[in-house]
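Sequential numbering from 1 along the given sequence is applied to the chain's residues. What you see is a predicted model; the values in this text were computed from it and never measured.
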Amino acid sequence: MAKGFNNRGMGGMGGGNMNSMIRQAQKMQQDMMKAQEELEAKTYEAAAGGGVVSATVSGKKELVGVTIDPEAVDPDDVEMLQDLIVAAVNEALRKAGDDAASQMSKLTGGLNLPF
């Protein structure tokens with residue numbers, strides 16, 4: 001018989017311990033799938049330029065809406081409007097990402113798993 005192994009399994013671990021770990025992992029996986037579905041159903045909104053431009057993204061991190069106040073439209077300064085749109089979209093995406101990371105961290109107990 002190889003060192004570290006006995007008739008009860010690897011390294012003396014009982015079958016009950018392994019079954020318990022498998023059940024815990026399966027529950028965590030189910031909880032994570034449920035949380036992922038809930039996150040994907042959410043929307044996140046952010047504004048830029050004092051609220052003249054706002055962007056809405058889904059939990060799937062897809063842009064679903066942009067609102068532009070007419071006063072933000074200056075034909076002589078299109079670049080500023082473009083910058084405001086980019087800023088609003090990026091902030092909404094950051095919010096979605098932060099919320100997802102927070103929810104997954106709660107489920108994994110702070111383990112640094114690659115999601």
Find the distance between [atom1] ([X]) and [atom2] ([Y]) and round it off to the nearest 0.5 Å.
X: S58; Y: L93; atom1: OG; atom2: CG; value: 9.0 Å
X: D99; Y: M104; atom1: CG; atom2: CE; value: 9.5 Å
X: Q36; Y: E38; atom1: CD; atom2: CD; value: 10.5 Å
X: D31; Y: Q26; atom1: CG; atom2: CD; value: 12.0 Å

Q: Check the surroundings of atom CD in E40: do more than 12 heavy atoms from other residues, nucleotides or ligands lie under 6.0 Å from it?
A: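 Counting other residues, nucleotides and ligands, CD of E40 exceeds 12 neighbours.
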Q | Carboxylate-amine/guanidinium proximity below 4.0 Å for D98 and R94 | A |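 Here D98 pairs with R94 in a salt bridge, since their nearest N and O are under 4.0 Å apart.
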Q. Would you call E37 and K34 a salt bridge, taking side-chain N to carboxylate O under 4.0 Å as the test?
A.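 No salt bridge links E37 with K34.
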Identify all side-chain donor-acceptor contacts of residues 59-81 below 3.5 Å with residues at least two apart in sequence or on another chain.
residue	atom	partner	partner atom	Å
D69	OD1	E71	N	2.9
D74	OD1	D76	N	3.0
D77	OD1	M80	N	3.3

(Q) On a heavy-atom basis, which atom in A46 and which in E91 lie closest, and how many Å separate them? (A)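 So the minimum-distance heavy-atom pair works out to CB-CG, 3.4 Å.
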